[in-house]
Amino acid sequence: MFDADLCDLCGDCLVRCPELALGRAEAQAEIGRLIRGADSKVLTSCSSCFSCNTYCPRDCKPYHLILARWNDRYRRLGSPAVWKFLFPTEKENLWSLMHALLPAPAKDAVESWMTARPGETVFLPGSFFHLVPEILSGSRLLEGMTVLDLPGHWECGAYLCQGGYLDLVAEIGRMVRDDLDRWGVRRVVPALDSVHYLFTRFHPEENGIRFGQEIVAFHAQVIERILKGEIRRERGLGLTATVHDNCYAKAESDRCFEEARWLLEWAGVRVVEMRHHHADALCCGFGRGAGWSKGFLVPMDILKGTMKRIREAEETGAGTLVTYCAGCLWLFLAARELMSSPVRIVHLIELVREAMGEEVRFPRTERAWDILAAMSFKILRETGNRNVWIPGVASTTDPADWSARPQRLLRGFRKALGAPPVQEAFRRAFQGAVRVARLSQL
């Protein structure tokens, strides 16, 4: 948690912030307001990117102070209704809606992850890989592990944590711990840096929740297997790319940055860095939704941030944007279509598998429009509704229940979005909504 006794109000955290970049006096004043629990522009402008923690010369954890103030706000005001599309407690959420749109092989992979019987070693893909399961399914990288993922585990609390829902995150941590213990799991390999951080740092240090399992970062495991000769490179890719460093990677010092670039070099990829990278990296956009001031603007705030990041990738001339976070990937895929950007969006594991000689295929453009359809469908249903409080984190996420819901309206909406004129109209409508959002925040 934030250490107010150590903080000398130097303001470095907000002066160096890649999103806010405040002047010294204003930064010092805003930190003072946050400490007192007063209104602060930080709470509506922060993108939850974690950089401020890396800048603090006294290790006071200013990011945790922002999260705590957002948690206070949630207690008072609840959550914007549009956030419900990310709540697995909802019958209609991002995963259940996408399940109705996935092709049969992808749907089968997801269902196998959700119904697997836990073994001693489990691999947790994370719920956002449910949107693009082809990136992982069938790979030799998963040998010796039971692939298990339940949206009802809320990514161990990772995406709620980034929004400041700290009380709920602690509840989720206890639920996940109890489930793993009950299942007799001894080793956990999370695919996402965010989940690894929640397991190894956030829950033990902030919530006093300790896991009895060995927790191993997936990319670190892949590198270890390469060094042992268990995984060999079949071909160099000869590709130039730029890398998006995700917010939670900053919480792990330089480990995640270095592992991603090591794997890219091994795969034969030359990296051209964006202006903001490593600890200075901009958020993919998801975290911008945490600073909501008007609930109906949350989707616009998120996708504005995603588009900003893609434009920065375009500036490098690399042609390919690599992310090693599935939580960032789905937003990049969606925003690329809204922008008609020429930049190719790929996940790090796709390139590793290609270098191994494995083939990774999925209809990238079509999947992006699936994501946009599911998001828009839920958002349109919730826009204008009152704020909500989550009654509890326990949820059942049964793929059989999802499959039993025909979602004819959603399918019809998606079919309409398949027509190029409708897609162009959708892009123009979105760009207009972004302009309205900007004006409303002036």
Side-chain angles (χ1 to χ4, degrees), residues 1-6 48 50 53-54 56 59-68 70-71 74-75 88-89 113 116-128 144-221 224 246-256 259 325 327 390 392-395 397:
M1 63 179 63
F2 175 72
D3 194 330
D5 294 332
L6 278 180
S48 193
F50 210 100
N53 266 16
T54 70
C56 179
D59 193 28
C60 298
K61 298 184 178 179
Y63 177 69
H64 291 61
L65 172 61
I66 296 169
L67 295 182
W70 278 336
N71 193 52
Y74 172 72
R75 290 171 180 164
T89 46
W113 297 352
R117 184 175 181 177
E120 289 192 357
T121 299
V122 297
F123 174 75
L124 305 181
S127 300
F128 291 117
M145 301 185 290
T146 300
V147 184
L148 175 71
D149 200 72
L150 304 175
H153 272 180
W154 303 74
E155 306 279 22
C156 205
Y159 58 87
L160 283 187
C161 182
Q162 198 170 2
Y165 299 76
L166 299 185
D167 295 336
L168 293 167
V169 171
E171 190 178 344
I172 291 166
R174 289 188 288 270
M175 176 178 68
V176 173
R177 178 199 59 194
D178 293 347
D179 282 347
L180 293 174
D181 289 346
R182 177 167 52 85
W183 295 334
V185 174
R186 296 187 178 182
R187 192 169 190 262
V188 177
V189 183
L192 301 181
D193 299 322
S194 56
V195 178
H196 182 268
Y197 171 71
L198 265 289
F199 270 117
T200 60
R201 295 279 302 279
F202 193 88
H203 281 309
E205 295 174 8
E206 303 298 321
N207 297 322
I209 301 169
R210 289 172 173 78
F211 296 85
Q213 295 75 25
E214 178 189 9
I215 312 296
V216 181
F218 181 46
H219 298 146
Q221 176 174 280
E224 182 181 0
N246 68 79
C247 299
Y248 274 109
K250 303 172 190 180
E252 302 270 17
S253 298
D254 291 334
R255 179 187 66 80
C256 298
E259 287 174 355
C325 172
I390 303 173
V393 298
S395 64
T397 50

Report task. Could you check L67 against N71 for side chain to side chain contact (heavy atoms under 4.5 Å, CB included), going step by step and ending with a plain yes or no? Result -> CA-CA 6 Å; L67 295 182; N71 193 52; over 6 Å; no
What pairs with [X] under side chain to side chain donor-acceptor pair (under 3.5 Å), at least two apart in sequence or on another chain?
X: Y63; answer: S48
X: H64; answer: N53
X: Y165; answer: S79

Requested in this report: Measure the shortest side-chain to side-chain distance between C156 and F199 over non-hydrogen atoms and say whether it is less than 4.5 angstrom.
Outcome: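 Heavy-atom side-chain distance check passes, below 4.5 Å.
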Query raised in the report: Just wondering, do Y248 and L192 contact through their side chains at under 4.5 Å, heavy atoms?
Result: no
Requested in this report: Could I get the full list of side-chain contact (heavy atoms from CB on, under 4.5 Å) partners for C325, not counting sequence neighbours?
Outcome: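 Listed in chain order: N246, T323, C328.
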Please name the pair of heavy atoms, one in [X] and one in [Y], separated by the smallest distance, quoted to 0.1 Å.
X: W154; Y: S395; value: NE1-OG, 4.5 Å
X: V147; Y: P125; value: CG1-CG, 3.7 Å
X: V169; Y: G157; value: CG2-O, 3.5 Å
X: R117; Y: T146; value: O-CG2, 3.5 Å
X: P88; Y: P151; value: CG-O, 3.3 Å

Requested in this report: Decide side chain to side chain contact (heavy atoms under 4.5 Å, CB included) for I215 and H196; before the verdict, give the C-alpha distance in whole Å, the side-chain angles of both, and the deciding distance to 0.1 Å.
Outcome: CA-CA 7 Å; I215 312 296; H196 182 268; 3.8 Å; yes
Query - Rounded distance (nearest 0.5 Å) linking atom CG of L166 with atom CH2 of W70 - result: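 Answer rounded to 0.5 Å: 10.5 Å.
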Report task. Report the distance from atom CE of M175 to atom CG of L150, rounding to the nearest 0.5 Å. Result -> 9.0 Å
Donor-acceptor list for residues 181-189 side chains, cut-off 3.5 Å, not counting sequence neighbours:
from	atom 1	to	atom 2	distance (Å)
D181	OD1	Q213	NE2	3.0
R182	NH2	D179	OD1	2.6
R187	NE	E214	OE1	3.3
R187	NH1	Q221	OE1	3.1

Query - Residues which pass ring-ring contact (aromatic ring centres under 6.0 Å, His included) with F218, listed by chain and number, not counting sequence neighbours - result: F123
Report task. Could you note down all residue pairs passing salt bridge (charged side-chain N to carboxylate O under 4.0 Å, His left out) where residues 192-205 supplies at least one of them, sequence neighbours left out? Result -> K61-E205, R201-E205
**Report entry** Pairs where residues 144-172 contributes a residue and the test salt bridge (charged side-chain N to carboxylate O under 4.0 Å, His left out) is met, not counting sequence neighbours
**Finding:** R75-D167
